[in-house]
K.L.:
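My questions will all concern the structure given below.
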Amino acid sequence: MDEKKPKNKKVIIIIAVIGILVLVAVGGIGLVVNETAQKAIIGVEMESINSTGNIDSEIKSKGKYAEVEKALKDYLTEYKNVALEIANEYQNQNLTTILSAENFKNDGPNFETSKKLINDIKEKGENAKTKLAEMSKEEYKEKRATDSGLTGKYKDLFKSSVQLENDAETVNKTVENVNNYLDKINEVFDFLKESEGKWQINGEKIEFRDMSNLTKYNSLLTSVNTAASKIK
């Protein structure tokens, strides 16, 4: 009987140790599953933003991943706001009537107000292009992650979850196309200024005193329309 006691005790200890190892193993699996689930939540949120353009401010992930999700949404909100600001500038109501006979009458022949509007819009477009290009760089994302208190794998997840390089290139192309369109409008104003006294406004139309100036004017308008068709 005395010999069996230590033997049983040893078995009990072994079983207890196995039990602890099982618990540790299960706990580890649970942690991996949880991390995978949290990453999946962030992935779904990023995909939703990418496909709809809408940023849901509600944080759906948990723990440290919630900090990653918030940092991502704050970052994308800033990016979106800059893009929306220039988009609103490009939809300036005054641009829709800038080549109207009424504007020619009110702002001609020097077109100072119209030219200022064009220059202001071009400047804001360039500023937005520069800002968005900066935001798409790894250095900027690194700083945003650090400022949000993210480190290690959480910082890596933040930086890898969104890539805006292609989007920045699209913005650059759009700004260039808009600038070209605005330059073509400026060419119309320059021509009308140089031709002062050779045209007049009659109702809602502009009339030229000779065919050569009319031909030149129509050619400039064709260039404006061609440039406008390239804006996406």
K.L.:
How long is the straight-line distance from CD of Glu176 back to CD1 of Ile231, given to the nearest 0.5 Å?
P.N.:
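One gets 12.0 Å once the value is rounded to the nearest 0.5 Å.
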
K.L.:
What pair of heavy atoms forms the shortest contact from Ile98 to Leu117, and how long is it?
P.N.:
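In terms of heavy atoms, the two residues are closest at CD1-CD2, 4.2 Å.
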
K.L.:
Is Glu67 paired with Lys70 through a side-chain N to carboxylate O contact shorter than 4.0 Å?
P.N.:
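Result for this pair is no, no salt bridge flagged.
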
K.L.:
Has Glu85 got more than 12 heavy atoms of other residues, nucleotides or ligands less than 6.0 Å from its CD?
P.N.:
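Open.
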
K.L.:
Are Tyr181 and Leu221 joined in one hydrophobic group, where the rule is that I, L, V, M, F, W and Y side chains link up if heavy atoms are under 4.5 Å apart?
P.N.:
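Yes, same cluster.
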
K.L.:
Are more than 12 heavy atoms from other residues, nucleotides or ligands located less than 6.0 Å from atom NZ of Lys137?
P.N.:
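No.
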
K.L.:
For the atom pair OG (Ser114) and CG (Asn94), what is the distance rounded to the nearest 0.5 Å?
P.N.:
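If we round to the nearest 0.5 Å, Ser114:OG and Asn94:CG are 8.5 Å apart.
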
K.L.:
Side chain of Ser219, backbone of Thr215: donor and acceptor closer than 3.5 Å?
P.N.:
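Checked: no pair found.
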
K.L.:
What pair of heavy atoms forms the shortest contact from Gly203 to Ile201, and how long is it?
P.N.:
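Gly203 and Ile201 have their closest heavy atoms at O-CG2, 3.6 Å.
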
K.L.:
When you measure from the side chain of Asn202 to the backbone of Lys205, do you find a donor-acceptor pair of N or O atoms at a distance under 3.5 Å?
P.N.:
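Not a single qualifying donor-acceptor pair exists.
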
K.L.:
Side chains of Gln93 and Thr96 only: does a donor on one sit below 3.5 Å from an acceptor on the other?
P.N.:
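Yes, because at least one side-chain N or O of Gln93 sits under 3.5 Å from a partner of the opposite role on Thr96.
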
K.L.:
For the side chain of Lys80 and the backbone of Gly53, is there at least one donor-acceptor N/O pair under 3.5 Å apart?
P.N.:
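Yes.
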
K.L.:
Any idea which heavy atoms bring Thr97 and Asn103 closest together, and the distance?
P.N.:
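Scanning both residues completely, I find the closest heavy atoms to be O-CB, 3.5 Å.
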
K.L.:
Does the side chain of Glu126 come under 3.5 Å of the side chain of Asn179 through a donor N or O and an acceptor N or O?
P.N.:
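Looking only at side-chain atoms, Asn179 and Glu126 do form a donor-acceptor pair, the distance falling under 3.5 Å.
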
K.L.:
With rounding to the nearest 0.5 Å, note down the distance linking CD in Gln91 to CG in Leu84.
P.N.:
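Result: 9.5 Å between the selected atoms.
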
K.L.:
I need the minimum non-hydrogen distance between Ile42 and Ser61, along with the two atoms involved.
P.N.:
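Looks like CG1-OG, 4.1 Å.
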
K.L.:
Give, for atom NZ of Lys131 and atom OG of Ser136, the distance between the pair rounded to the nearest 0.5 Å.
P.N.:
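Interatomic distance, Lys131 NZ to Ser136 OG, rounded to 0.5 Å: 11.0 Å.
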
K.L.:
Hey, are Lys143 and Glu138 close enough for a salt bridge, meaning a charged N less than 4.0 Å from a carboxylate O?
P.N.:
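Glu138 and Lys143: not salt-bridged.
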
K.L.:
Considering all heavy atoms of both residues, which atom of Glu89 and which atom of Leu95 are nearest to each other, and what is their separation?
P.N.:
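Closest approach of Glu89 to Leu95: O-CD1, 4.3 Å.
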
K.L.:
Measuring only between side-chain heavy atoms, which start at C-beta, is Asp183 closer than 4.5 Å to Lys122?
P.N.:
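Asp183 reaches Lys122 side chain to side chain.
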
K.L.:
Verify, without hydrogens or angle tests, whether Thr226 (side chain) and Thr222 (backbone) share a donor-acceptor contact under 3.5 angstrom.
P.N.:
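A pair under 3.5 Å: yes.
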
K.L.:
Quick one: does Glu139's side chain have a donor or acceptor within less than 3.5 Å of a partner on Met135's backbone?
P.N.:
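Side chain of Glu139 to backbone of Met135: no pair is present.
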
K.L.:
Calculate, to the nearest 0.5 Å, the distance between atoms OG and CE belonging to Ser51 and Met46 respectively.
P.N.:
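Here the rounded value is 11.0 Å.
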
K.L.:
I'd like to know whether Asn106 forms a side chain to side chain contact (heavy atoms under 4.5 Å, CB included) with Glu102, so could you lay out the CA-CA distance, the side-chain angles of the two residues, the decisive distance to 0.1 Å, and finally the verdict.
P.N.:
CA-CA 6 Å; Asn106 295 334; Glu102 181 179 3; 3.4 Å; yes

K.L.:
Look at the side-chain heavy atoms of Ile, Leu, Val, Met, Phe, Trp and Tyr, link any pair under 4.5 Å apart, and say whether Tyr154 and Tyr140 land in one connected group.
P.N.:
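Yes: a chain of side-chain contacts under 4.5 Å links Tyr154 to Tyr140.
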
K.L.:
Do the rings of Phe111 and Trp199 sit parallel, tilted or perpendicular, given the 30° and 60° boundaries?
P.N.:
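Phe111 and Trp199: parallel rings.
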
K.L.:
Check whether Phe158 and Ile41 end up in the same hydrophobic cluster, where Ile, Leu, Val, Met, Phe, Trp and Tyr are linked by side-chain heavy atoms less than 4.5 Å apart.
P.N.:
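No.
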
K.L.:
Determine, step by step, whether Asn110 and Phe189 satisfy the side chain to side chain contact (heavy atoms under 4.5 Å, CB included) criterion, reporting the C-alpha distance in whole Å, the side-chain angles of both residues, the deciding distance to 0.1 Å, and the verdict.
P.N.:
CA-CA 8 Å; Asn110 295 322; Phe189 293 148; over 6 Å; no

K.L.:
Going by heavy atoms in the side chains, are Thr77 and Asn81 under 4.5 Å from each other?
P.N.:
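With C-beta onward as the side chain, the pair touches.
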
K.L.:
Determine whether Leu157 and Ile59 fall in the same hydrophobic cluster, where Ile, Leu, Val, Met, Phe, Trp and Tyr are linked whenever their side-chain heavy atoms lie under 4.5 Å apart.
P.N.:
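Unlinked, Leu157 and Ile59 end up in two clusters.
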
K.L.:
Within the structure provided, determine whether Thr170 and Lys173 are in side-chain contact (heavy-atom separation under 4.5 Å).
P.N.:
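SC-SC contact between Thr170 and Lys173 ruled out.
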
K.L.:
Take Asn180 and Asn177 through the test side chain to side chain donor-acceptor pair (under 3.5 Å) and record every step on the way to the result.
P.N.:
CA-CA 5 Å; Asn180 182 53; Asn177 287 338; 5.9 Å; no

K.L.:
For Gln200 and Arg209, what are the C-alpha separation, side-chain angles and deciding distance, and is it a side chain to side chain contact (heavy atoms under 4.5 Å, CB included)?
P.N.:
CA-CA 8 Å; Gln200 64 182 16; Arg209 303 189 189 284; 3.7 Å; yes

K.L.:
Do Gln38 and Lys62 have side chains that approach each other closer than 4.5 Å (heavy atoms only, starting at C-beta)?
P.N.:
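Yes; the side chains approach each other to less than 4.5 Å.
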
K.L.:
Can Lys73 and Glu69 be counted as an ion pair, charged N to O under 4.0 angstrom?
P.N.:
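Yes, charged N to carboxylate O under 4.0 Å.
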
K.L.:
Any chance you could measure Asp190, atom CG, to Ile185, atom CD1, to the nearest 0.5 Å?
P.N.:
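Output value for this atom pair is 12.0 Å.
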
K.L.:
Assess whether a salt bridge exists between Lys124 and Asp120, defined as any Lys/Arg side-chain N lying under 4.0 Å from an Asp/Glu carboxylate O.
P.N.:
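Here Lys124 does not pair with Asp120 in a salt bridge, since their nearest N and O are not under 4.0 Å apart.
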
K.L.:
Kindly indicate whether the side chain of Ile206, heavy atoms from C-beta on, has any atom under 4.5 Å from the side chain of Phe208.
P.N.:
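Yes, their side chains come closer than 4.5 Å.
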
K.L.:
So does Glu112 pair up with Lys115, basic N to acidic O under 4.0 Å?
P.N.:
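Lys115 and Glu112: not salt-bridged.
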
K.L.:
Would you check if Tyr79 and Asp167 make a side-chain contact, meaning some heavy-atom pair closer than 4.5 Å?
P.N.:
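Of all side-chain heavy-atom pairs linking Asp167 with Tyr79, at least one is under 4.5 Å.
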
K.L.:
Write down the atom of Ile49, the atom of Asn54, and the distance for their closest heavy-atom approach.
P.N.:
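Smallest heavy-atom distance, with atoms named: CG1-O, 3.4 Å.
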
K.L.:
Side chains of Arg144 and Asp74, heavy atoms from C-beta outward: is any pair under 4.5 Å?
P.N.:
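Yes - at least one pair of side-chain heavy atoms lies under 4.5 Å apart.
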
K.L.:
Indicate yes or no for a side-chain donor-acceptor contact from Tyr90 to the backbone of Gly125 under 3.5 Å, with no hydrogens or angles considered.
P.N.:
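No, the answer is negative, given that no donor and acceptor are paired below the 3.5 Å cut-off.
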
